[in-house]
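Take a look at the structure set out below.
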Amino acid sequence: MRKGVIGPTKTELCEATLKVLADENKEYTTKDINDQVAILLQLTEEYLKTEDESGIGTAYDYRMRWVRTELKKQGKIYNPKRGIWKKA
């Protein structure tokens with residue numbers, strides 16, 4: 001992440017992701033989750049467009065991948081198909 005651009009904490013991203021996935025009967029795409037978390041946390045365009053240090057994608061997308069992985073390990077969410085997520 002570029003210096004000076006401060007984003008939400010991992011806990012904030014996890015909590016927002018669970019709020020987005022609140023409807024247990026609905027499936028969400030990765031893009032839906034990322035877009036809705038960004039709106040919920042009122043993330044700035046500057047933050048959302050900040051490239052990851054690896055140069056592959058944005059830092060936000062990278063952090064959201066880890067958030068979903070962590071929530072999946074905790075048994076709070078699962079992905080029945082590639083790119084599709086549901087609350088457990």
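Only a predicted model underlies this, so the values are computations on that prediction, with no experimental measurement involved.
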Original post:
Is any side-chain heavy atom of Ile56 closer than 4.5 Å to a side-chain heavy atom of Asp52?
Top reply: no
Original post:
Given side chains that start at C-beta, do those of Leu48 and Thr58 come closer than 4.5 Å, heavy atoms only?
Top reply: no
Atom pair [atom1] ([X]) and [atom2] ([Y]), whose distance is rounded to the nearest 0.5 Å:
X     : Y     : atom1 : atom2 : value
Leu71 : Met64 : CG    : CE    : 8.5 Å
Leu40 : Thr17 : CG    : OG1   : 9.0 Å
Leu13 : Tyr60 : CG    : OH    : 6.5 Å
Thr50 : Glu46 : OG1   : CD    : 6.0 Å
Lys86 : Asn25 : NZ    : CG    : 6.5 Å

**OP:** May I ask whether Tyr62 and Val37 are part of the same hydrophobic cluster, defined by side-chain heavy atoms of I, L, V, M, F, W, Y residues being less than 4.5 angstrom apart, directly or through others?
**Re:** no
Original post:
Can you list every pair that meets side chain to side chain donor-acceptor pair (under 3.5 Å) and has a residue in residues 27-42, with sequence neighbours left out?
Top reply: Thr29-Asp32, Thr30-Trp85, Lys31-Asp35, Asn34-Asp61, Asn34-Arg68
Side-chain donor-acceptor contacts of residues 73-81 below 3.5 Å, not counting sequence neighbours, with atom names and distances?
| residue | atom | partner | partner atom | Å |
| --- | --- | --- | --- | --- |
| Gln74 | OE1 | Lys76 | NZ | 3.3 |
| Gln74 | NE2 | Glu70 | OE2 | 3.3 |
| Asn79 | OD1 | Lys72 | NZ | 2.8 |

